Trainee: 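Following this message is one structure expressed as structure tokens.
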Amino acid sequence: MSSAPDIILHRGLFTTLDRSNPAASAVAIADGRFVAVGHDHDVMKLAGPSTKIVDLRGRRVLPGLIDNHLHIIRGGLNFNMELRWDGVRSLATAMDMLKRQVAVTPPPQWVRVVGGFTEHQFAEKRLPTIDELNAVAPDTPVFLLHLYDRAILNGAALRAVGYAKDTPEPPGGEIMRDTKGNPTGLLLAKPNANILYATLAKGPKLPFDYQVNSTRHFMRELNRLGVTGAIDAGGGFQNYPDDYAVIQKLSDEGLLTIRLAYNLFTQKPKGEKADFLNWTKTSKYKQGDDYFRHNGAGEMLVFSAADFEDFRVARPDMPAEMEGELEEVVRVLVQNKWPWRLHATYDETISRALDVFERVNQDMPLEGLHWFFDHAETISDQSIDRIAALGGGIAVQHRMAYQGEYFVERYGAGAAEATPPVKKIIDKGVKVSAGTDATRVASYNPWVSLSWLVTGRTVGGLRITPQRNCLDRETALRMWTENVTWFSNEEGNKGRIQVGQLADLVVPDRDYFSCSEAEIADTTSLLTMVGGRIVYGAGDFSKLESVTPPPAMPDWSPVRRFGGYAARADDTAKTKDTSLAMKAMQMCGCANSCGVHGHDHAAAWSSRLPVSDLRSFWGALGCACWAV
């Protein structure tokens, strides 16, 4: 190295994920890349007069986390308008947050709670009623999206979107009505979520400058959780190139704090081939740089192949025209050497798509294209083997952490034990990585995903994956770091703390490898670095930040008061959740002298006894062990 490094981090416990150099105590960084990874006494010798020195005081350091499936572009445009219930542990707290936000939201704006939570995370184990929403917000429109299954609108929101007695039923969805035929405010996905998203799209949008600000705050929230990169999966009502102007502006101005690879998602049923013919002429695969680059097609290739998961209803059968429409698009992509990602929840959809891919492969080889399936909750052994033979991959997300209870209710606990079969996919040698599918279903918090991979538990506490199918912590971490790079064709460029790779890392607020399993999901970052820049700092590291966004716009934004995950900026909400948990523990008549077979007191205290499920029944009574 001819010149001194820009920055050295030392006295740390570095988990490098470099098998030839798995642990280190110091790193040196120059021009955004690691130039030395080793021991303090060797690395510190490289320091020059202008080298910044950061003492980590013995803290664990991990490679920066990379989300394999995040709707960050769309999420960024809307983040400042959304009240996030992600990580909030009681409905009482959530409704108090809603009431306080209604009080400061001016007309004609809405209050939106758009995904990232499930009723099972609440101590009360339920969603608010429409009457409760109307009582809190008689005049301000409230739109609440719960997973892919339903949206709840108060009366003001129904008036704002114009749903009335004469509104026709939407295809694939249902507007619930009272005995007189008037909409009640409950919208159901049956079986797809188009009605939910189309209704949400009727709400006011932020001006361009506010969208820029909003995207910066979403990136900062991700940085706060240790995320340094993501693959954007496109999304409904996310049109290219119009809705990419904000992220392009931030890229041009050097203000991105998340590395972003983006896929292009068709928006036109029956016009999908035309979209991709146009895009392959006007866009080039891999165009861009290490911060913002094109990553191919998907996750929507053709609407006839989209099996939206809603485990509260029966699996939808894809129409007969699926194969023909999908083949037309895939041939366009292969001809132009574009990889793709395809949303597929069920094995029935995956196997039919594989018929198409195998047919195309016969005369247009797929070799070298980094194509993959997203989600794959019920994928079969045979389909995994077929993907392996074609050289594809599987990108899993932690949607079951939010919907596991519904899956068990419909298909049984046995079927949920390997849904998706992550361990088996790894054992078979297929390329596999992890992500969230945030923001409209699961939360964007990567530590919830890591917790789910390691513990097999939903955010509601239900153990759905037995230990034999769970991952050890290092394997789970690789799923969120180096494994993701195959899916964006960036292997060897990032994902490890290794000489020559991009200097992206996170210093979590607890030791991921030694904290209890129950603590993993609550992890945040003390220091997050992207390309050698400290993009987030907390506590002792807060003064080291190189870039901080201005206050959230508009001034009534929920982000100003509540922050993001678990209302982290709001002391009132945190106090309410803590006091509820303490009250539940005190009031719970459980056998808490059992130190081995304990349970979540708040969940047991507030739940309806599930007498049809003996394991849950005994847990609700006080102990998961009937012998105590």
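Keep in mind that what you see is a predicted model, and the values were worked out from it rather than measured.
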Trainee: What heavy-atom pair brings Glu405 and Tyr402 nearest, and what distance separates the two atoms?
Mentor: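 Where Glu405 meets Tyr402 most closely, the heavy atoms are OE1-O, 4.4 Å.
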
Trainee: Under a 4.5 Å cut-off applied to non-hydrogen side-chain atoms, are Leu477 and Glu482 in contact?
Mentor: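 No, too far: nothing below the 4.5 Å cut-off.
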
Trainee: Minimum heavy-atom separation for Val454 to Ile520, with atom names?
Mentor: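 So the minimum-distance heavy-atom pair works out to CG1-CD1, 4.2 Å.
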
Trainee: Any chance the rings of Phe311 and Tyr148 have centres within less than 6.0 Å?
Mentor: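 No, the ring of Phe311 stays outside the 6.0 Å limit from the ring of Tyr148, centre to centre.
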
Trainee: Quick one: does Trp480's side chain get under 4.5 Å of Asp67's, heavy atoms only?
Mentor: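 Sidechains of Asp67 and Trp480: in contact.
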
Trainee: Out of Val111, Val559, Val114, Leu206, which one pairs with Met81 under the side chain to side chain contact (heavy atoms under 4.5 Å, CB included) rule?
Mentor: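 Of the listed residues Val111, Val559, Val114, Leu206, the side chain to side chain contact (heavy atoms under 4.5 Å, CB included) partner of Met81 is Leu206.
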
Trainee: Which of these passes side chain to side chain donor-acceptor pair (under 3.5 Å) with His71: Asp437, Asp232, Asn78?
Mentor: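 Single pass found, and it is Asp437.
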
Trainee: Which value, rounded to the nearest 0.5 Å, describes the distance between Tyr262 atom OH and Ile73 atom CD1?
Mentor: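 These two atoms lie 8.0 Å from each other.
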
Trainee: Using side chain to side chain contact (heavy atoms under 4.5 Å, CB included) as the criterion, point out the one residue from Leu450, Ile426, Asn68 that pairs with Met479.
Mentor: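 For Met479, the side chain to side chain contact (heavy atoms under 4.5 Å, CB included) check succeeds only for Ile426.
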
Trainee: How long is the span from the OH atom in Tyr536 to the OG atom in Ser542, to the nearest 0.5 Å?
Mentor: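 Nearest 0.5 Å value for the OH-OG distance: 8.5 Å.
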
Trainee: Verify whether one side chain among Thr528 and Arg224 offers a donor that lies under 3.5 Å from an acceptor in the other.
Mentor: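 No donor-acceptor contact under 3.5 Å links the two side chains.
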
Trainee: State which residue, out of Arg399, Arg457, Met400, fulfils the side chain to side chain contact (heavy atoms under 4.5 Å, CB included) condition with Trp452.
Mentor: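 Considering Arg399, Arg457, Met400, a side chain to side chain contact (heavy atoms under 4.5 Å, CB included) with Trp452 is found only for Met400.
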
Trainee: How close do Leu144 and Pro128 get, counting heavy atoms only, and between which atoms?
Mentor: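 It is CD1-CG, 3.8 Å.
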
Trainee: Looking at Tyr291, I'd like to know if the NZ or CZ of Arg259 sits under 6.0 Å from its six-membered ring centre while staying within 45 degrees of the ring's axis.
Mentor: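 Yes, Arg259 and Tyr291 form such a contact.
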
Trainee: For the pair Glu132 and Arg126, find out whether any cationic side-chain nitrogen is under 4.0 Å from an anionic carboxylate oxygen.
Mentor: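 Yes.
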
Trainee: Can you find a pair of side-chain heavy atoms, one from Leu188 and one from Asp149, that are under 4.5 Å apart?
Mentor: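 SC-SC contact between Leu188 and Asp149 ruled out.
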
Trainee: Applying side-chain hydrogen bond (donor to acceptor under 3.5 Å, both in side chains), can you list everything that pairs with Asn469, at least two apart in sequence or on another chain?
Mentor: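 If we apply the side-chain hydrogen bond (donor to acceptor under 3.5 Å, both in side chains) test to Asn469, skipping adjacent residues, there are no hits.
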
Trainee: Would you say the side chains of Glu309 and Tyr406 form a donor-acceptor pair under 3.5 Å?
Mentor: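 No, Tyr406 and Glu309 have no side-chain donor paired with an acceptor closer than 3.5 Å.
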
Trainee: Taking the ring centre of each residue, are His343 and Phe373 less than 6.0 Å apart?
Mentor: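 No, too far apart.
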
Trainee: Could you give me the CA-CA distance, side-chain angles and deciding distance for Asp540 and Arg57, then say whether salt bridge (charged side-chain N to carboxylate O under 4.0 Å, His left out) is met?
Mentor: CA-CA 10 Å; Asp540 294 341; Arg57 303 177 185 177; 2.8 Å; yes

Trainee: If you draw the axis of the six-membered ring of Tyr565, does the NZ or CZ of Arg84 fall within 45° of it and under 6.0 Å from the ring centre?
Mentor: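 Here Arg84 fails the 6.0 Å and 45° test against Tyr565.
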
Trainee: Do we see a donor-acceptor contact under 3.5 Å between the side chains of Thr105 and Trp110?
Mentor: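 No, because no side-chain N or O of Thr105 sits under 3.5 Å from a partner of the opposite role on Trp110.
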
Trainee: Do His375 and Gln397 have side-chain N/O donor and acceptor atoms under 3.5 Å apart?
Mentor: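 Present: a donor and an acceptor within the cut-off.
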
Trainee: Side chains of Asn445 and Thr436, heavy atoms from C-beta outward: is any pair under 4.5 Å?
Mentor: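 Side chain of Asn445 against side chain of Thr436, heavy atoms only: no contact under 4.5 Å found.
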
Trainee: Regarding Ser433 and Asn483, do their side chains bring together a donor and an acceptor under 3.5 Å, going by distance alone?
Mentor: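 Ser433 vs Asn483: no donor-acceptor pair found between side chains.
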
Trainee: Do side-chain atoms of Gln121 reach the backbone of Val88 as a donor and acceptor pair under 3.5 angstrom?
Mentor: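 Yes, the answer is positive, given that a donor and an acceptor are paired below the 3.5 Å cut-off.
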
Trainee: For the pair Phe487 and His69, evaluate ring-ring contact (aromatic ring centres under 6.0 Å, His included) and give the outcome as yes or no after the intermediate values.
Mentor: CA-CA 10 Å; Phe487 293 77; His69 187 128; over 10 Å; no

Trainee: Counting only pairs under 3.5 Å, give me each side-chain donor-acceptor contact of residues 547-556, with atom names and distances, residues two or more places apart or in other chains.
Mentor:
residue: Thr548; atom: OG1; partner: Glu545; partner atom: OE1; Å: 2.6

Trainee: Between Arg312 and Glu409, is there a side-chain N and carboxylate O pair less than 4.0 Å apart?
Mentor: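 Result for this pair is no, no salt bridge flagged.
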
Trainee: I'd like to know if the side chain of Arg510 pairs up with that of Thr524 as donor and acceptor (distance under 3.5 Å, no hydrogens or angles considered).
Mentor: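 No, Thr524 and Arg510 have no side-chain donor paired with an acceptor closer than 3.5 Å.
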
Trainee: Can you give me the closest heavy-atom contact between Thr439 and Gly75, atom names plus distance?
Mentor: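 Between these two residues, the closest heavy atoms are OG1-CA, 4.3 Å.
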
Trainee: Check Leu98 against Leu83 and note the closest heavy-atom contact, atom names and distance.
Mentor: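 It is CA-CD2, 3.7 Å.
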
Trainee: Once rounded to the nearest 0.5 Å, what's the spacing between atom OG1 of Thr15 and atom CD of Glu474?
Mentor: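 Between Thr15 OG1 and Glu474 CD, I get 8.0 Å after rounding to 0.5 Å.
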
Trainee: Quick check: closest heavy atoms across Ile247 and Thr215, and the distance to 0.1 Å?
Mentor: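 It is CD1-CG2, 3.8 Å.
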
Trainee: With sequence neighbours excluded, give me every ring pair (Phe, Tyr, Trp, His ring centres under 6.0 Å) pair touching residues 214-233.
Mentor: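 Listed by first then second residue: Phe79-Phe218, Phe218-Tyr444.
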
Trainee: Check the side chains of Asp96 and Thr93 for a donor-acceptor pair under 3.5 angstrom, ignoring hydrogens and angles.
Mentor: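 No, no side-chain donor-acceptor pair sits under 3.5 Å.
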
Trainee: Where the side chain of Lys125 meets the backbone of His120, is there a donor-acceptor pair that is under 3.5 Å apart?
Mentor: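 Side chain of Lys125 to backbone of His120, a donor-acceptor pair under 3.5 Å: yes, one is there.
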
